[in-house]
Number of protein chains: 2
Amino acid sequence: MKIGELAKRTGFSAHTLRYYERIGLLAYADRDRSGQRDYDASVLTWIEFLGRLKATGMPIREMLRYAALRERGADTEAQRRELLAQHRDRVRARIAELSDCLLVLDNKIAGYAGTETRMKEYDTAPPERRQKPAGARRAYAC
Amino acid sequence: MKIGELAKRTGFSAHTLRYYERIGLLAYADRDRSGQRDYDASVLTWIEFLGRLKATGMPIREMLRYAALRERGADTEAQRRELLAQHRDRVRARIAELSDCLLVLDNKIAGYAGTETRMKEYDTAPPERRQKPAGARRAYAC
DNA sequence: CTAAGGGTTCGAGCGCGCTCTAAGTCAAGG
DNA sequence: CCTTGACTTAGAGCGCGCTCGAACCCTTAG
């Protein structure tokens, strides 16, 4: 497989794949007689996993540490497991943080929606029902 | 409140707060007779909300759009709500992505743990019980 | 009076992760 | 034979979000 196809398959650009090789995140790829990289399909698994690490915000520095352990073979498994476990904890924390922020956002949005609803109700409701609806209790500040 | 205290209270550095003012994310702050910024406590709410937007990965560009709408007053509420709703959807998608990756990580980690378990079992189990345990079915590739 | 410890401005610099340019090589199709 | 287009390299450049340095100004405590 040449770099263009690998790019297509992984979603990384050829530029990025070469960059990853340069910095050591991908092993030096075999070249054909004309010097072009010729990838083995097995690299797909690794690149896809790198994609996961990247998607979860692992810095390249740390991917490099993981890649280096991997290259050193089976007796680094405990260290790799440890590294991933730490990362997993960070991901969990991140999810929790985002979920927390999501509540704030929902609240704020509900506040805006509440304003519209109140305005509509104020316009359309008969005078005796013109009172603060339940949604009006928060989120005016911003 | 001077910038140092605001920094302490919000978790943003004084440098960052000045930077935010420079780019228009924070309104120009009143200065005292000696030219030092003197903040009103009300700015805290806004800065904390900015912190939420930042924590959820909103780019500064977009915070600026939101801030600009806010400055323009109450008749931009629908647009602000729309902007936040879009952002909220991205946050939800991001949480989903992270959760998905989390499963992959858990799996991989379980694979490493499985290796250790298997090695232990292989070392300690009597020969007739030396067979693949349940945890051995995946995640060797990396 | 002096020194410490805040604050001010402007602009340069940095760390990250790419992303692109330039100049060149090579293989296949018309 | 010639063009097209994908590939090669080394290295420069970029967008983001700060972060810091230099040189200076105020206020306050000892």
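Below, each value reflects all heavy atoms present in this structure, side chains not excepted, and no hydrogens, waters or symmetry copies. Proteins come first, then strands; the chains are lettered A, B, ... in the order of their sequence lines, and each starts at number 1.
Checking C:dG7, C:dT9, C:dA27 against the side-chain heavy atoms of A:Ser34 singles out C:dA27 as nearest.
Closest approach of A:Arg81 and B:Ala113 over heavy atoms only: CD-N, 4.1 Å. Heavy-atom minimum distance, B:Glu71 versus B:Ala27: OE2-CB, 4.2 Å.
Separating the NZ atom of B:Lys8 from the P atom of C:dG5 is a distance of 13 Å, rounded to the nearest angstrom. What separates CD of A:Gln36 from C1' of C:dT25 is a distance of 8 Å, to the nearest Å. Here C:dG6 presents its P atom at 16 Å from CG of B:Leu17, a figure rounded to the nearest Å. Between the CG atom of B:Asp38 and the P atom of C:dG6 there is a distance of 17 Å, given to the nearest Å.
In this structure, B:Arg18 reaches the C:dT8 phosphate: one of its side-chain N or O atoms is under 4.0 Å from OP1 or OP2. Considering only side-chain N and O atoms, B:Arg37 lies under 4.0 angstrom from the phosphate OP1 or OP2 of C:dT8.
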Nucleotides 13-19 of chain C: which of its N/O atoms have a protein N/O under 3.5 Å away?
{"unit_1": "C:dC16", "atom_1": "OP1", "unit_2": "A:Arg61", "atom_2": "NH1", "d": "2.7"}
{"unit_1": "C:dG17", "atom_1": "OP1", "unit_2": "A:Ile60", "atom_2": "N", "d": "3.4"}
{"unit_1": "C:dG17", "atom_1": "OP2", "unit_2": "A:Ile60", "atom_2": "N", "d": "3.4"}
{"unit_1": "C:dC18", "atom_1": "OP1", "unit_2": "A:Lys54", "atom_2": "NZ", "d": "3.0"}
{"unit_1": "C:dC18", "atom_1": "OP2", "unit_2": "A:Tyr20", "atom_2": "OH", "d": "2.7"}

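With a 6.0 Å radius and a threshold of 12 heavy atoms from other residues, nucleotides or ligands, B:Asp30 has its CG atom at or below the threshold.
In this structure, A:Arg31 reaches the sugar-phosphate backbone alone: every heavy-atom distance under 4.0 Å involves primed, P, OP1 or OP2 atoms, never a base.
In summary, the side chains of B:Arg80 and B:Thr76 do present a donor paired with an acceptor at a separation below 3.5 Å, with no hydrogens or angles considered.
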